[in-house]
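Written out below as structure tokens is the structure these notes cover.
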Number of protein chains: 2
Amino acid sequence: MSKRPDKSSSNRLSSSPPDELNHIPLLKILSSADRQRVLQDLTEQHYTKRDVIFREGDPTEFFHIVKEGTVKCVKSSPEGKECTLKMLMPGDLFCCDAAAFEGARHPGTAQPMGDVSILRMNKKSYFDMLRRNPDAAIEVIKHLGNRLNEAQEKAKVLALDRADQRLASLLVDLATKNGVKDPQGIKLPMRLTRQDMANMVGTTTETAIRIMSRFKRDRLVSGTATRLIIRDLAGLKALASA
Amino acid sequence: MSKRPDKSSSNRLSSSPPDELNHIPLLKILSSADRQRVLQDLTEQHYTKRDVIFREGDPTEFFHIVKEGTVKCVKSSPEGKECTLKMLMPGDLFCCDAAAFEGARHPGTAQPMGDVSILRMNKKSYFDMLRRNPDAAIEVIKHLGNRLNEAQEKAKVLALDRADQRLASLLVDLATKNGVKDPQGIKLPMRLTRQDMANMVGTTTETAIRIMSRFKRDRLVSGTATRLIIRDLAGLKALASA
DNA sequence: AAAAAAACATGATGTAAATCATGTTTTTAA
DNA sequence: TTAAAAACATGATTTACATCATGTTTTTTT
């Protein structure tokens, strides 16, 4: 399924396998009756690398859940520099808050890293669900709390650490949260260029390349964008907080 | 009242003027019956500059609201460097999320900038309140969403901007959100040293001093820690995004 | 399979900001 | 009110990193 990600196609979810949706913590905690109701309001969208899900400054209309693939949250400066704030993975919620404000606008752009499926729901249905279901609201609070901690940890790293430490932190983070086991070490599950990494740690592509070359020489990592492998997680951790 | 901030004193709130608490958005939306109930569970704490409210790594026990004064959220690195993530002002909630996790620990230290009063409530009472009151939960979601946006905006600024731009952004932010009118311009309502500023924008004290001297020369600001005045907000805004 | 476009690589040079250093002024505490 | 401690100030030196530049390899597209 989902083998047709042409140009942002959308599907009704009403009678899709509920199995797939059990990976999503927020949906798991609903009563099965309420889950049925929620499924009525959710639609599935497909996007490719070239699409944008929404752009910085757009009015907020929907609450979103990543079903499949990776989505990056990006902000850009007037001079055209970009900064990637967060990689969203399956199960992650987004715009669970911005939607809370009347006339709110998206603070950043959401862009797929490849082919992705997104579940979404309009504001009204979303808030109705939260009001019916206090445990769902608390689940969202939990999720937002996590995101806030991550964002603050990221700010700390940006404020205090050198570029190589920031990059090491990033790799440790991605490996820990999203890495999959591999004979050679830990494989990162998304295509990630040096440029992507640079945008995530606030440095230039050239610097990211130089640092990654050093990491490669020191057997901390191997491979490039298409197949990036963490070979020495402990080594990277040591570097990150040294 | 609250003229006795010796060593973290605490008071019952049960029969205190409910007027004072109407500044706090979260409490305002409760039904008056439920507000009474919540007041039973809230206690007021007093702290001074020298105290810490809680320390990074401490287990989370309470949900907090700033009633009076300013509280800073700080993280520190193994080498002793410090980074101030956020200034909390009256009405701000904190630990509205960390408390959500069993065995959670505080991701940062909370420290008063002077004499402060804090309202607090234990985890259980807090979550009971949220479960009884979906609108309160949504208010917390709103608040967390705001905090997340701020944190991400801060990360962006740290990642992309020069030190003088970061400092200008900080001053614009503080002036806009917390500044009070003054014959000379906009006065910042808390004592704020060059060192404090440096910790907030990820630079050194010396650099913050040099930049502030330049801002002073250019008539963008005047005064020092005890009485810091923004004289040309537009000028600072221009610098922040230049 | 060939052409085009990204991604990766590495050197040379410039610069923002850290670090070290020393002195003055202001604030806080005894 | 005087001593001690922060806070503010400014110069000299070093350094991490950006910028510019040019070339190779890999990936994507036609």
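The chains referred to below are lettered A, B, ... by the order of the sequence lines, with proteins before strands, and numbering in each begins at 1. The basis for the numbers below is simple: all heavy atoms, side chains too, and nothing from hydrogens, waters or symmetry mates.
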Residues A:D164 and A:R214 bridged, charged N to O under 4.0 Å:
yes
Tell me whether the rings of B:H106 and B:F54 are parallel (<30°), tilted (30 to 60°) or perpendicular (>60°).
parallel
Distance in angstrom units between [X] [atom1] and [N] [atom2], rounded:
X	N	atom1	atom2	answer
B:L228	C:dT26	CG	P	16 Å
A:M212	C:dT10	CE	C1'	16 Å
B:K216	D:dA7	NZ	C1'	12 Å
A:I209	D:dT22	CD1	P	17 Å
B:Q195	C:dT28	CD	C1'	16 Å
B:R214	D:dT10	CZ	C1'	15 Å
B:F215	D:dA9	CZ	P	13 Å

Candidates B:R227, B:R231, B:Q184 - the one meeting side chain to side chain donor-acceptor pair (under 3.5 Å) with B:S222:
B:R231
Quick one, give me the B/S/- string for nucleotides 25-30 of chain D, reading 5' to 3', where B means a protein heavy atom under 4.0 Å from the base and S means that only happens at the primed atoms, P, OP1 or OP2.
--SSS-
A correct 5'-to-3' footprint of nucleotides 13-19 of chain C, with B, S and - meaning base, sugar-phosphate only and no protein heavy atom under 4.0 Å, is ----SSB
What closest approach, in Å, do B:A208 and B:R194 show between heavy atoms, and which atom pair accounts for it?
CB-O, 3.5 Å
Any non-hydrogen side-chain atom of B:T205 less than 4.5 Å from a side-chain atom of B:T193?
no
Is the CZ atom of A:R219 crowded by more than 12 outside heavy atoms at less than 6.0 Å?
no
Would you say B:R55 has more than 12 foreign heavy atoms packed within less than 6.0 Å of its CZ?
no
Point-to-point distance, once rounded to the nearest 0.5 Å, from CG of A:L192 to CE of A:M87:
5.0 Å
